[in-house]
Amino acid sequence: MIRVLLVDDQPLLRSGFRALLAIEDDIEVVAEAADGQQALTLAREHLPDIALVDIQMPVMDGIEATRQIAADPALAGVHVVILTNYGLDEHVFHALRAGAAGFLVKDIEPADLVHAVRVAARGDALLAPSITRKLIDRYVTEPLPARTGARLKELTNREREAVVLLAQGLSNDQIAERLVISPLTAKTHINRAMTKLHARDRAQLVVIAYESGLVAPRDRRPAPKTTG
């Protein structure tokens with residue numbers, strides 16, 4: 001059973017999302033919050049698998065709530081998915097940097113909402129390759145300070161290649177094809193890189209790749225080839 005926390009200051013939207021998710025046998029809405037502070041309290045109480053969190057809310061906004069959830073070891077199993085009215089904007093990028101696993105637009109189709117909850121629950125980022133590319137094109141204009149440079153040295157050549165390709169918007173299957181390895185091996189490289197770089201999920205790994213300078217903004221060059 002996938003346990004979901006709904007966080008939005010609009011009761012009507014929460015009711016609509018609850019109704020859509022309640023009909024699924026494998027999804028349960030365990031609590032609702034009207035602001036970020038309530039979200040933190042309820043997250044600690046219910047330990048949901050997924051927190052669907054609005055960005056703009058009173059008391060505490062969704063970005064700060066995401067940051068505090070991501071920083072709390074007791075909430076390590078909570079995957080935050082940001083809800084937005086506006087699609088890609090600067091708030092979404094800040095939320096991803098704060099630790100969100102991805103984002104959804106509030107007018108999402110019902111079937112897509114259910115699918116997104118299941119994707120996030122298994123630890124995958126809610127960033128389709130096309131969305132990743134738009135995010136990179138619109139909001140990553142120059143490398144951010146290399147705060148994770150030392151940890152990058154722990155990555156193997158293959159792990160670095162896989163992270164570069166992930167940051168360029170490629171899926172596991174596309175990474176596998178580019179590196180001539182199996183999709184399972186590609187996923188293993190990504191998971192090991194996440195562990196070494198202390199990334200909560202694939203979305204945060206993409207952000208780290210740019211913050212650290214591993215990938216240059218607007219870089220469309222393929223990852224460097226290595227031997228072995």
Side-chain angles (χ1 to χ4, degrees), residues 50 66 70 76-77 79-82 87-88 90 92-104 112 115-228:
I50 303 296
T66 298
H79 302 285
V80 176
V81 176
I82 291 295
L88 281 169
E90 69 276 9
V92 169
F93 183 62
H94 293 323
L96 291 174
R97 291 185 64 198
F103 72 94
L104 299 174
D112 292 335
H115 174 70
V117 167
R118 290 175 178 146
V119 167
R122 64 174 183 253
D124 292 335
L126 283 173
L127 291 175
S130 60
I131 297 297
T132 305
R133 292 189 186 102
K134 289 179 182 177
L135 187 69
I136 291 167
D137 285 341
R138 293 180 61 179
Y139 298 108
V140 184
T141 58
E142 61 183 34
L144 296 174
R147 293 190 290 267
T148 57
R151 276 181 280 166
L152 286 177
K153 296 179 181 179
E154 300 178 15
L155 300 182
T156 66
N157 287 335
R158 277 305 200 197
E159 290 164 357
R160 291 169 67 93
E161 289 176 330
V163 171
V164 168
L165 294 173
L166 175 70
Q168 292 174 349
L170 275 65
S171 66
N172 281 346
D173 288 344
Q174 292 169 324
I175 293 172
E177 181 179 358
R178 184 73 64 86
L179 299 182
V180 195
I181 55 179
S182 72
L184 179 59
T185 300
K187 184 176 182 179
T188 298
H189 287 326
I190 294 297
N191 288 342
R192 287 177 177 168
M194 286 170 53
T195 298
K196 291 178 180 179
L197 298 178
H198 305 297
R200 283 172 58 92
D201 48 49
R202 294 163 67 95
Q204 192 173 32
L205 189 59
V206 170
V207 173
I208 289 173
Y210 281 90
E211 286 186 326
S212 65
L214 180 60
V215 180
R218 307 184 186 281
D219 189 355
R220 290 295 180 269
R221 295 169 297 176
K225 296 183 180 296
T226 61
T227 58

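Every value quoted in this text rests on a predicted model; they were computed, and no experiment measured them. Below, each value reflects all heavy atoms present in this structure, side chains not excepted, and no hydrogens, waters or symmetry copies.
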Side-chain heavy-atom pair R158, T188 within 4.5 angstrom cut-off: no
Distance (rounded to the nearest 0.5 Å) between L179 CG and T185 OG1: 10.0 Å
Nearest heavy atoms of A186 and N172, plus distance in Å: CB-O, 3.8 Å
Nearest heavy atoms of A116 and L104, plus distance in Å: CB-CD2, 3.6 Å
Separation of S182 OG from D173 CG (nearest 0.5 Å): 10.0 Å
Closest contact, heavy atoms only, A120 versus V81: CB-CG2, 3.8 Å
Residue pair E159 / E154: nearest heavy atoms and the distance that separates them: OE1-O, 4.2 Å
Heavy-atom check, side chain of R192 versus side chain of T156, under 4.5 Å: no
Minimal non-hydrogen separation, T66 against V80, with atom names: OG1-CG1, 3.4 Å
Step-by-step side chain to side chain contact (heavy atoms under 4.5 Å, CB included) determination, L165 to Q174: CA-CA 9 Å; L165 294 173; Q174 292 169 324; over 6 Å; no
Shortest non-hydrogen contact between I208 and L197, atoms and distance: CD1-O, 3.7 Å
A70: partners by side chain to side chain contact (heavy atoms under 4.5 Å, CB included), with sequence neighbours left out: R200
Separation of H115 NE2 from R118 CZ (nearest 0.5 Å): 9.5 Å
N157 side, atom CG; H189 side, atom NE2 - distance, nearest 0.5 Å: 10.5 Å
